[in-house]
Each structure stands twice: as C-alpha cells, then as structure tokens.
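See structure below.
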Amino acid sequence: MAEARAPAAYGGPTEDDWSAALAAVRDLPADARVLLICHVNPDGDALGSMLGFALGLRRLGVRQVQATFPGPPEVPLPFQALPGLDLLVPDDQVWVDPDLLLCFDAASASRLGSLADRLLTAKTSVVLDHHASNTRFGGTHLVDPTAAATAVVAEQLLARLGVPLDAEIAECFYVAVATDTGSFRFDATTPAVHEMAARLIATGIRPGEISRRVFDSRPFGAVRLYGEVLQRAELDPRAAGGRGLVWTYATLDDLARHGQSAYVLEALIDSVRCAIEADVSCVVKQVGDAEWAVSMRSRGAVDVSRVAVALGGGGHRLAAGFTGHGSPAQVVDAIRAELAADGACPEDQG
Ligand code: 5GP
Ligand code: MN
C-alpha cells in the first residue's frame, strides 16, 4: 500500500514546530527516559543524526538516554567507529513507554519496523526528518525537505537548545551529511551544507580519516561479490519512456557464498548508477523469501520517489526505495510499469 504523501506546499518546520520540539526536551523531568530511534537498515544519516543528537542530550544533562534501530543489531562496518555507539541498546532492552521519543531519518512509521509501536506508547514524540515523502506520523514534526540530511535538522535543534558542538557530536553529524550528499557531490550540497561542514571540521575532526572509513573500506569478499553482481546487470534503454533503466539484483545466497553481511550492498547502487545509457538505476536486494529491498536512483530526468511512493516506499527525487515482492524480474517489472506511467506526463518531472 502506498503511504500518504506530504502536502506539496510544505516548506519545513514552522517556529511553532521548533518551539514544541524545544519544549519537549527542555521540560523533561530530571529522571526522564529519552529513547532515540532511526530507520531500519540504518545509513550514515540515520545513525549519525541519532547518535550526534543523543550525545548532545548527554551534554545537556539528560541522564537516561537510549538509542536503537529496528532489526539486526549489527552496526555496518563503515559506522562501527561512530562516537555514541555505547548508547545503543538491543531490542529487548528498549523502554516500552519512554517519556520522550525522538525519531530520526524515517519517512514513514513503516520504516521503524517493530519500534513503530513506541509512537503510541511514548508520552511525547518528535520526528526529525528531511524526506519530502514524510507521512507526518508521530507528534511534533521537524521535517525539512530542503535539508541535505536529517543531521542538518538535528544540528539546528541542538543549537536552539544551546548545546555547543564538540568533536564527538561533530563526527556523527559529519558522517551523516557526507553520506547523504554523496561526499558533497549531490545537488543538496548548498552553501549552507558547506558552512555546516566547516563548523563540524572546526571541532578538530579528520575528514580524510572519516571518509576512508565510511566510503573506502570494504572486505575483499565484498569486492568479489560486487564483481559478480555487476556482471549480471541489465540495461533496458526503452524503459522510462526511452530514458532507460539499468538494474541488477543480489540474493541472500550471493551474500552467503561470499561470506558478507547485507549492509555491504548499500554502496552497490553507486556503481550501477554510473551507466550513462540509463537515467534510472536500481538494485534489488533480497531480504527474505521473495522479499527485496529496492534502491533506485535517477540521473536527473525521472523523479524516482514518485515510483517508490507508488510502490509503497519513499525517498527523494533522485534517490528512493521500497520493499518489493516476488522475483527480481517481477519487482523490476513493477518499476517499469510505474516508470511508463511517469513517462506519460513529462511536464511533472524536474
Ligand atoms: P537507499 O537506496 O540508499 O536505501 O535509500 C534511498 C532513499 O530512499 C533514502 O532516503 C531512504 O530513506 C529511502 N528509502 C529506501 N527504502 C525505502 C522504503 O522501503 N521505504 C521508504 N519510505 N523509504 C525508503
Ligand atoms: Mn537521510
């Protein structure tokens, strides 16, 4: 089922939204339990914005802080050196009825998996996000579709709370912004993003070291796995009204044969989306029996978030995803059908 879309005119948090979020944090009793959560299969922005903000709460004197995410508790290798990881707790220890729930980088409640019920049991909730497709779930919304990363929103809230940046918070936010802007390459890389990066780097963090760890570190088995999966990529130049589609898939068996965890496939789309013959690229990653996590990218002409939302997911214009069912070919056929519908109204693109 497709989830409701945000109103198109929505421009970001209002001063009332900021005030509500500030009050939710400032008015906490001394013994309050604050739970921070982020989306399933957390990426750099999900983990970085959540942990950076969690560390900020600590600096503010909030003693009881838990951070977590749904699904396997394994933190992907690129993020295993993030400050604040000690605040992560396994599923079965997560408070059922926290005083405050803070949710990071999730466009919809379905992205919170088994943790979505905390939206109902928490006394108060604040949602920090930057997806245009955000469904406005939860209590207070700090959703800024113009922000390059959720960490941009998190940094603003910490600033409004009077928490100064330190190197640990900055490293978390830097990883978040660097990953969501593709190392400061995407269009979202505005002057404000570079100004934020400047503030973060000024705390003494080492961008070179962080980038090597986050972007340029992969087990050899993953290198071989990429070779195999890229080998089976297919190009369909007629898809998307002639704009073209390039796609590949990876199974759980592929992962097992190369001794790899699912997260190593997150960067695979970056190799596939380079094909200049296709505007749309897609990687179909098996997550269960006939169930697939789909990553889509656009080189600019097609709004892939429309396709993702139509197929029950969400994301941004040039980067989106959803959960698909059936065989990889069936999943891609569903994408092709949506792309064909999309191609029928080119005036809506851009
Ligand atoms: P990625 O392909 O890197 O996993 O995700 C690209 C973008 O699409 C991210 O902004 C991510 O949050 C969003 N996205 C990916 N998968 C899903 C999904 O299943 N549901 C929703 N709502 N968004 C998704
Ligand atoms: Mn993000």
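Only this structure's heavy atoms are used, side chains among them; waters, hydrogens and symmetry mates stay out. Along the sequence shown, residues are numbered consecutively beginning with 1. Indexing begins at 1, ligand by ligand and atom by atom, following the structure's order.
- The Mn ion (ligand 2) has Asp45 among its coordinating residues (N/O/S atom, backbone or side chain, under 2.8 Å).
- With ligand atoms numbered from 1 in the order given, ligand 1 contributes 20 (N), 21 (C), 22 (N) to contacts under 4.0 Å with heavy atoms of Gly313.
- In terms of N/O distances under 3.5 Å, ligand 1 is not approached by Val294.
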After noting the C-alpha distance and the side-chain angles of Val152 and Asp144, does the key distance pass the side chain to side chain contact (heavy atoms under 4.5 Å, CB included) rule?
CA-CA 9 Å; Val152 172; Asp144 185 355; 5.7 Å; no
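- To the nearest 0.5 Å, atom NZ of residue Lys285 and atom OG1 of residue Thr323 are 10.5 Å apart.
- Taking backbone and side chain together, Asp129 holds no N, O or S atom under 2.8 Å from the Mn ion (ligand 2).
- Interface of His316 with ligand 1, defined as ligand atoms under 4.0 Å from a residue heavy atom, comprises 10 (O).
- Under a 4.0 Å criterion applied to the non-hydrogen atoms of Ser295, ligand 1 contributes the atoms 1 (P), 2 (O), 4 (O).
- The aromatic rings of Phe104 and Phe53 sit tilted, their planes meeting at an angle between 30° and 60°.
- Asp279 and Ser298 share a donor-acceptor pair across their side chains, judged by distance under 3.5 Å alone.
- Closest of all the heavy-atom pairs between Arg213 and Ala81 is NE-CB, 3.5 Å.
- Closest N/O/S atom of Asp105 to the Mn ion (ligand 2): OD1.
- Within a 6.0 Å radius of CZ in Arg238, no more than 12 heavy atoms belonging to other residues, nucleotides or ligands are found.
- For ligand 1 and Phe322, the ligand atoms under 4.0 Å from any heavy atom of the residue are 16 (N), 17 (C), 18 (C), 19 (O).
- Scanning Met296, His39, Arg297 for the heavy atom closest to atom 6 (C) of ligand 1 points to Arg297.
- Per-residue contacts place Gly315 under 4.0 angstrom from the following atoms of ligand 1 (heavy atoms of the residue considered): 8 (O), 13 (C).
- A cation-pi geometry, defined here as NZ or CZ lying under 6.0 Å from the six-membered ring centre and within 45° of its normal, does not hold between Arg199 and Phe173.
- Residue His130 counts as close to the Mn ion (ligand 2), with an N, O or S atom under 2.8 Å.
- No more than 12 heavy atoms of other residues, nucleotides or ligands shown are found within 6.0 angstrom of CG on Asp187.
- Closest to the Mn ion (ligand 2) among the N, O or S atoms of Asp180 is OD2.
- On a distance-only criterion, Asp105 and ligand 1 share no N/O pair closer than 3.5 Å.
- The line from CG of Leu115 to CG of Asp91 is 6.0 Å long, rounded to the nearest 0.5 Å.
- Close N/O approach between His131 and ligand 1 is found [any backbone or side-chain N/O within under 3.5 Å].
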